[in-house]
2 protein chains.
Amino acid sequence: MAAQRDEGDEVVTGTPTAPGADRADGAPGADTAEHVEEPTALTRERARAIPEAAVARLAVYLRVLSGLAEQGVNTISSEELANAAGVNSAKLRKDLSYIGSYGTRGVGYEVEVLVGQIERILGLTRKHSVCVVGIGNLGHALANYGGFPGRGFPVTALFDVDPDLIGVPVGGIPVDHIDDISRVVAEREVSIGVIATPPKAAQEVCDRLVAAGVQCILNFAPVVLQVPDYVEVRKVDLAVEMQILSFHVARRADEATESGGGPDLSDVDGVVIRR
Amino acid sequence: MAAQRDEGDEVVTGTPTAPGADRADGAPGADTAEHVEEPTALTRERARAIPEAAVARLAVYLRVLSGLAEQGVNTISSEELANAAGVNSAKLRKDLSYIGSYGTRGVGYEVEVLVGQIERILGLTRKHSVCVVGIGNLGHALANYGGFPGRGFPVTALFDVDPDLIGVPVGGIPVDHIDDISRVVAEREVSIGVIATPPKAAQEVCDRLVAAGVQCILNFAPVVLQVPDYVEVRKVDLAVEMQILSFHVARRADEATESGGGPDLSDVDGVVIRR
DNA sequence: GCAACTTTGTGCCTGCGTTCACAAGCGGCT
DNA sequence: AGCCGCTTGTGAACGCAGGCACAAAGTTGC
């Protein structure tokens, strides 16, 4: 049982596996020992070495780069690209260095090359079949996206329990009953499952997905899913997002009343948090 | 111009959230300084001191606690709560310590008290009016959520540019034209704006929201929004989430072929370095 | 009232990710 | 051909967040 990541950030980093759970190798005292690896010989793309936060950013760079490519831009410097992606250029260069050295000093990066390399690292050279479970409001919206945002993620199966929905095509795909999940997932080689069910059903749906062989799950239900170690879960939690924003609204209100300022904070800037 | 966090993931996603990204306050070393303070007299919450990642987790704890409260649970230990929330208990206690000392040693936490305190910190004691811009598939789904996930976030305004939509009620609220955004936002005291438009329109919509006085934005459009420093942006980027999962799928495939093993990792030779 | 047990709150350490800053490398210009 | 300026790639420093482990504090039982 590993909990999934949470971060917040959005749905971001951190990888809280079960506390000491992994390290199945035994050797109780061994953990202090080796851990060093061989950083020099990072031959094959040691995907493992890329921090998850960097992966998320790579996806953003990719989108920006794709846009640039369409506009006919051939070359871009780290500074420009960093700007467009909203990060600092050092970070961008480090992120790109994780996937290899594809820049030309004194010039910048070739857009096409970068797009290709990032796609390769993110595994986008291959299509990943997606299924959506729970065809309510959100499920509908997701299904209708068709080839999911950014294409390369064809939705090939939809599931629900509602008898009225079974067989009805949504976004061109007929809804299957969730009891058939195992068969359908196998037939259509689904590699990513999206959970858009009510919270109560989420864990069971998750278990069924896992049992059907799905190892990557995107969870929209506001629950903490329990999954085996080898399953990758990412969650998108609207309630949490809203509450984080609420926190900031509150913070702002506090600061405003505290400093006597109006809603216009533009001039505050210099350390409001006395204490 | 401040870029928003990412994360991813924080997206958290994640955010992650990008750890140090915000921190508009400057005063780099300031936070390390006093931090000890008189825990007794931490009267008003100096919200700033709470790491964003912790805020995100507090929202999760809150949901778990609410569930427990409904089930009639009165008291819970950090260990149990941590389990339910999928984090480690030390982290949970540290997170809770950010908001004060509301536990009883030897006993645990009183569920009601914790719920109240977290709600206070997250600013949930007050309702935050939300508007949704872009009534397409996703916008529809969001509008239909009604009082947004977790209640306390009433959707009070919807905007679009499509003349066919204007005036049509969605989820009980008639759609306004985006040109009226400034007036409507002011009238209904919208404090949070949700962008669910196509990417091309997102930046302009964002600018209009900001101009209308909205300082917190939840962005579903796959673009990096440029906003003034004082505006808080969180993004939910489905494409990025999918691509992160894709990355993991690819990683998995690599490992499998590399070690010659099938999807079952349990039997491989010594070093699979899973995770 | 005291002792034993339980659980919180937190100081400290560790590790990761971000940032800085600079040497290395490449193209253009003379 | 050689020099100059620009941009990459990365070693090293820094800062923050996570995890451990323990003292403090409260409860229960005798």
Side-chain angles (χ1 to χ4, degrees), chain A residues 3 5-9 12-21 31-32 35-37 39-40 42 48-57 75-82 87-110 113-114, chain B residues 5-10 14-23 27-33 35-37 39-40 42 49-57 75-82 87-110 113-114:
Chain A
R5 75 202 67 274
D6 32 18
E7 247 271 308
D9 290 272
V12 191
T13 31
T15 311
T17 30
D31 56 334
T32 52
H35 170 253
V36 199
E37 292 291 324
T40 57
L42 78 161
R48 180 66 47 34
I50 307 180
E52 183 116 342
V55 173
R57 285 190 299 266
T75 282
I76 191 167
S77 72
S78 63
E79 190 68 36
E80 295 171 292
L81 182 52
V87 301
N88 114 7
S89 69
K91 192 190 292 186
L92 179 135
R93 286 199 300 277
K94 182 147 287 190
D95 287 343
L96 292 183
S97 80
Y98 288 128
I99 66 174
S101 290
Y102 302 106
T104 306
R105 295 168 192 237
V107 179
Y109 299 89
E110 219 172 310
V113 173
L114 230 41
Chain B
R5 78 203 64 273
D6 35 11
E7 218 46 70
D9 19 340
E10 47 263 339
T15 22
T17 203
D22 42 322
R23 229 158 269 304
D31 54 339
T32 54
H35 171 255
V36 195
E37 215 55 44
T40 56
L42 83 161
I50 308 179
E52 183 116 342
V55 174
R57 285 190 298 266
T75 282
I76 192 169
S77 72
S78 63
E79 191 67 36
E80 294 171 292
L81 182 52
V87 301
N88 127 352
S89 69
K91 192 191 293 186
L92 179 135
R93 287 198 299 275
K94 186 157 287 187
D95 286 343
L96 292 182
S97 79
Y98 288 128
I99 66 174
S101 290
Y102 301 105
T104 306
R105 294 169 192 234
V107 178
Y109 299 90
E110 219 172 309
V113 173
L114 230 42

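Just so you know, these numbers come straight off a predicted model, no measurement behind them.
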Rounded distance in Å - CG (A:L96) to C1' (D:dT8): 10 Å
A:K94 versus A:S97, closest heavy-atom pair with distance: O-OG, 2.7 Å
B:D95 vs A:S77, nearer the 5' end of DNA chain D by closest nucleotide: A:S77
Spacing of CG belonging to B:L96 relative to OG belonging to B:S89, to within rounding of 0.5 Å: 11.0 Å
Comparing B:Y109 and B:K94 on DNA chain C - which has the more 5′ nearest nucleotide: B:Y109
From CD (B:E110) to OG1 (B:T104), nearest 0.5 Å: 7.0 Å
Proximal nucleotide (of D:dA17, D:dG19, C:dT19) relative to the A:K91 side chain: C:dT19
Between C:dT6 (C1') and B:E80 (CD): distance, integer Å: 12 Å
d(CG, A:L92; P, D:dG9) in whole Å: 10 Å
B:Y98 side-chain N/O to D:dG18 phosphate OP1/OP2 under 4.0 Å: no
Atom-to-atom span, CD of A:E110 to P of C:dC26 - whole angstrom: 15 Å
Rounded interatomic separation in angstrom, taking CG from A:L114 and P from D:dG9: 9 Å
Gap separating the CZ atom of A:R57 from the CD1 atom of A:I50, nearest 0.5 angstrom: 11.5 Å
Atom pair CG/OG1 of B:L114 and B:T75 - distance to nearest 0.5 Å: 10.5 Å
N/O (side chain, A:S78) to phosphate O (OP1/OP2, D:dT7) under 4.0 Å: no
Spacing between B:N88 atom CG and D:dC20 atom C1', to the nearest angstrom: 9 Å
Spatial distance of atom OH (B:Y109) from atom CZ (B:R93) [nearest 0.5 Å]: 6.5 Å
Under 4.0 Å protein heavy-atom contacts per nucleotide of nucleotides 24-30 of chain D, with B for base, S for backbone only and - for none: BBSS---
Atom-pair distance (CD1 on A:I50; P on D:dT10), nearest Å: 14 Å
Value in whole Å for how far the P atom of C:dC22 lies from CZ of A:R93: 13 Å
Closest approach of A:A82 to A:N88 (non-hydrogen atoms, all atoms of both residues): CB-C, 3.8 Å
Listed nucleotide nearest any side-chain atom of B:S97, set C:dT18, C:dT10, D:dG19: C:dT10
